[in-house]
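We number each residue from 1, following the sequence as shown.
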Amino acid sequence: MGTNITWHDQSVSRSEREKLNGHKGCVIWFTGLSASGKSTVANTVDRKLYQRRMSSYLLDGDNVRYGLNAGPDILKKLHGDHFSERFGLGFSAEDREENIRRIGAVANLFCDAGIITLTAFISPYRRDRDRVRATLNEGDFIEIFVDTPLEICEQRDPKGLYKKVRAGEIKGFTGIDDPYEAPANPELRLDGGAKSADTLADEVIAHLEKVGVIPVLTRSGSH
């Protein structure tokens, strides 16, 4: 524990916030290769939860790197060279570790607020994901492996990243010349190469109902 800091309990408990929201808080951690469909599925789940009046929020890998986990080039514009070199995050193994640590800490806060927190990050290293899990209460971390074959991810290539990798313009790319460690025992595995995002999102919703995060939707449409 750091010097001169003390944890302060809040006057509104997590259980009170969850009661107000009508569901439990949790962290839904989507992991998979680039172009596996993580963000698309996560966004679809977020929309479906919104339509059911659930409180949810999506932390997307690219979006977070514009602010909280900005790289040196972005920080340099506002804070100068020294600051950007010290705090900017690149894509080395160490920087990726810190990227996931920060996201895990933010997701934990959202979870404590009773919010269903969705994250969509490659998060290639099993150790980093397990460390996030260890910071949360039992059952709060729901790891979802978007299992899409590399060849399909490369065919999709919406950002043109695989093309740049093959052309030698990008080094250390996950799945090509940097490892991706698939989850050993994810709470849910999605077949990202054979099913639509909507179908996969429904599988996630069904899992959330099964484990009691959200109430089961009856035929009448009520909870």
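You'll find the side chain of T117 stays beyond 4.5 Å of the side chain of Y57, heavy atoms only. Under the 4.5 Å side-chain criterion, counting only non-hydrogen atoms from C-beta, Y125 is not in contact with I100.
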Show me the donor-acceptor pairs within less than 3.5 Å that the side chains of residues 19-26 make with the rest of the protein, sequence neighbours left out.
from	atom 1	to	atom 2	distance (Å)
N21	ND2	R17	O	3.4
N21	ND2	G114	O	2.9
H23	NE2	S55	N	2.9

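Evaluation of the ring-ring contact (aromatic ring centres under 6.0 Å, His included) rule for F141 yields W29 as partners, not counting sequence neighbours.
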| Working for salt bridge (charged side-chain N to carboxylate O under 4.0 Å, His left out), residues E187 and R133 | CA-CA 12 Å; E187 276 71 19; R133 181 190 291 273; 2.9 Å; yes
| query | Should Y162 and S34 be marked as a side-chain hydrogen bond (donor to acceptor under 3.5 Å, both in side chains) after you check the CA-CA gap, both sets of side-chain angles, and the distance that decides it? | reply | CA-CA 9 Å; Y162 287 100; S34 179; 4.6 Å; no
| request: Just do the salt bridge (charged side-chain N to carboxylate O under 4.0 Å, His left out) check on R14 and D140 with the steps written out, would you? | output: CA-CA 12 Å; R14 173 178 170 176; D140 281 351; 2.8 Å; yes
| task | Begin from the C-alpha positions of R127 and E181 and carry the test salt bridge (charged side-chain N to carboxylate O under 4.0 Å, His left out) through to its verdict. | result | CA-CA 9 Å; R127 179 186 65 180; E181 299 171 359; over 6 Å; no
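Distance check, rounded to the nearest 0.5 Å: CE of M54 to CD1 of I115 gives 13.0 Å.
Between C111 and the options V27, N137, I28, a side chain to side chain contact (heavy atoms under 4.5 Å, CB included) holds for only V27. Shown are I122, L33, V165; of these, the side chain to side chain contact (heavy atoms under 4.5 Å, CB included) with F173 is made only by V165. The side chain to side chain contact (heavy atoms under 4.5 Å, CB included) test with L58 is passed by exactly one of N63, D46, T119: D46. Looking at V45, N43, L59 one by one, the single match for side chain to side chain contact (heavy atoms under 4.5 Å, CB included) with L118 turns out to be V45.
A donor-acceptor pair under 3.5 Å is absent between the side-chain atoms of K195 and the main chain of L200, judged by distance alone. Side chain of E203 to main chain of L190: no donor-acceptor pair is present (N/O by atom type, distance under 3.5 Å, no hydrogens or angles). Under a 3.5 Å cut-off, the side chain of D177 and the backbone N or O of G172 do form a donor-acceptor pair.
With 3.5 Å as the limit, one finds a donor-acceptor pair spanning the side chains of S39 and D60.
For OH of Y66, the number of neighbouring non-hydrogen atoms (other residues, nucleotides, ligands) closer than 6.0 Å is 12 at most.
Between R101 and E97, no side-chain nitrogen of the basic residue sits less than 4.0 Å from a carboxylate oxygen of the acidic one, so the salt-bridge criterion is not met.
A cation-pi arrangement is present between R65 and F91 under the rule of less than 6.0 angstrom and at most 45 degrees off the ring axis.
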